[in-house]
Amino acid sequence: MTTISTLGSHCALQVLKGAKDEGFQTLLICEKKREKLYKRFSFIDELLLVDSFNDILESKCRSKLKELQSIIIPHGTLISQMSSSEIESIDIPIFGNKWILRWESDRNMKEKLMLESKLHVPKSLSNPSEINGLVIAKRHGAAGGKGYFLATNKEDYETKRDKLASQGLIKSDEDLYLQEYAFGVSAYLQYFYTPIHDKLEFFGVDRRYESDVDGIGRIPAQQQIDIDKIPSFNVIGNSPLVLRESLLDEVYSMGERFVDAAKRLVAPGMNGPFCLEGVYDENGKFTAFEFSSRIVAGTNLYVNGSPYSVFIYDEPMSMGRRIAREIKIANTKNQISKIVT
Ligand code: AMP
C-alpha cells in the first residue's frame with residue numbers, strides 16, 4: 001500500500017489530510033522541534049523524526065520511506081532547503097516532475113520556460129548599469145521574497161545591495177536577479193494538470209500578504225522616507241481572490257501553454273499542481289513574473305474546495321486531496337510511472 005509522505009512545513013497539513021481522505025497511509029518527515037505541533041493531527045499516521053530535512057538523503061530515512069512504499073509530495077520547503085542536485089538524487093518516487101524543480105530554482109531557466117510558454121514576462125536586466133526605471137532585485141531559489149528590494153538607478157541599487165550583503169543575505173551581484181517591476185494587482189493562479197487524462201484543471205487564485213510591502217500603505221509617505229530599513233517581500237500568509245469571469249478563458253490558455261512548453265523543454269512535463277504568479281494591469285492583461293512547479297502554500301486557503309474546484313468536483317476537493325486522487329487513479333490504472341519521477 002502506498003504511503004503519502006511530505007516534509008513538515010508549508011502545506012503538509014493540507015497534503016496529508018487530503019491523502020487520508022482518499023484512504024492513504026500518511027507519513028510526515030518532521031524536524032524534532034516541530035514534533036509537538038504535528039502530533040496534534042490524527043490524520044498523520046507516522047512521524048519520521050529528523051534533525052534536519054537533509055536527513056532524507058541518508059540511508060536510514062530512505063530505507064524507511066522505501067519500506068513504506070512512499071511517494072513524496074514536494075513543496076516549497078523541499079526546494080528552499082535542498083539544492084536541485086540533491087532533490088534529483090532522491091531515489092524515492094517524487095510526485096510530479098522533479099526535474100522541473102531545477103527550472104523553478106534557477107531564474108534564467110525559469111525565464112526561458114515562461115517565454116517558451118508565450119507568457120508576458122517582465123524584462124530581465126543582465127547588468128545593474130542597465131537600470132532605467134523601477135526594477136525589483138530578487139534572490140535566487142525559493143527565497144519567499146526575503147531580501148528582495150526595489151531600485152530606480154544603479155546607485156540606489158548598489159546602496160541597497162551593500163546593505164543586504166552586510167546582513168549576510170547576499171554575497172555579490174550574482175546572487176541577485178534584476179527584473180522590471182510589473183505594475184498592477186497581484187494574482188497567483190493555481191492549476192493541476194493530469195497527464196493521465198491530459199486535462200488542465202484551474203483550482204483557485206490567491207494573493208500573498210507580504211511583509212513589509214503590504215503594510216507600508218499604513219504609514220504616511222512623509223514618514224516612509226525616514227524608515228531606515230529596506231522593506232522586504234517576505235510572505236506571511238495568503239488571502240483568497242476570485243477573478244472577473246471574463247478573465248478565465250485566458251487563465252486556461254496560459255496554463256495550457258505552460259503545460260505544452262514544459263512537455264517540450266523538460267520531460268515528462270508539468271504534471272500535477274503548479275502556479276503562475278504575476279499581476280493584472282488595468283486592461284486585465286496578465287504579466288507573469290514567476291511560476292511554481294509544485295503545490296503552492298496559497299492552496300491552503302481552499303482545504304474545503306475553492307470557488308473554482310466546485311465546478312469540477314461535486315465534493316470538497318483541496319489541492320492536497322487532488323494529488324492523492326491522482327495517485328489513486330494511477331494506482332488503479334497501473335500508470336504510476338506517469339505521475340512520479
Ligand atoms: P517571487 O519570489 O518572484 O515570487 O517574488 C516575491 C514577491 O515579489 C512577489 O509576490 C511580488 O510581490 C514581488 N515581485 C516579484 N517580481 C515582481 C515584478 N517583476 N514586479 C512586481 N512585483 C514583483
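Remember, it's 1-based here, ligands and their atoms both numbered in the order they're listed. Numbers for residues simply follow the sequence, beginning at 1.
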For this session: For the pair Asp260 and Arg264, find out whether any cationic side-chain nitrogen is under 4.0 Å from an anionic carboxylate oxygen.
Result: no
For this session: Would you mind finding which of Lys138, Arg208, Arg107 brings a heavy atom closest to atom 15 (C) of ligand 1?
Result: Lys138
Exercise. Any idea which of Phe183, Phe289, Tyr148, Phe291 brings a heavy atom closest to atom 18 (C) of ligand 1?
Worked result: Phe289
For this session: Heavy-atom contacts with Glu277 under 4.0 Å: which atoms of ligand 1 show up? List them by number with element.
Result: 4 (O)
For this session: Check each heavy atom of Glu180 against ligand 1 and say whether those closer than 4.0 Å belong to the side chain, the backbone, both or neither.
Result: backbone
For this session: Measure the shortest side-chain to side-chain distance between Asn54 and Glu86 over non-hydrogen atoms and say whether it is less than 4.5 angstrom.
Result: yes
Exercise. What atoms in ligand 1 come closer than 4.0 Å to a heavy atom of Gln179?
Worked result: 16 (N), 18 (C), 19 (N)
Exercise. Which part of Phe233 is near ligand 1, with near meaning a heavy atom under 4.0 Å away: side chain, backbone, both or neither?
Worked result: side chain
Problem set entry | Short side-chain to backbone donor-acceptor contact, Lys160 and Leu150, under 3.5 Å | yes
Problem set entry | Shared hydrophobic cluster, Leu47 / Ile72 (ILVMFWY, side-chain heavy atoms < 4.5 Å) | no
Exercise. Quick one: side chain to side chain donor-acceptor pair (under 3.5 Å) partners of His10, sequence neighbours excluded?
Worked result: none
Exercise. Testing Arg325, Lys17, Arg322 for salt bridge (charged side-chain N to carboxylate O under 4.0 Å, His left out) with Glu22, which one passes?
Worked result: Arg325
Problem set entry | Ala182: numbered ligand 1 atoms lying under 4.0 Å from its heavy atoms | 18 (C), 19 (N), 20 (N), 21 (C)
Exercise. Can you find a heavy atom in the side chain of Ile339 that is under 4.5 Å from one in the side chain of Asn271?
Worked result: no
Exercise. With backbone taken as N, CA, C and O and side chain as the heavy atoms from C-beta onward, which portion of Tyr188 lies under 4.0 Å from ligand 1: side chain, backbone, both, or neither?
Worked result: side chain
For this session: Flag Pro122 as yes when one of its N or O atoms lies below 3.5 Å from any N or O atom of ligand 1, and as no otherwise.
Result: no
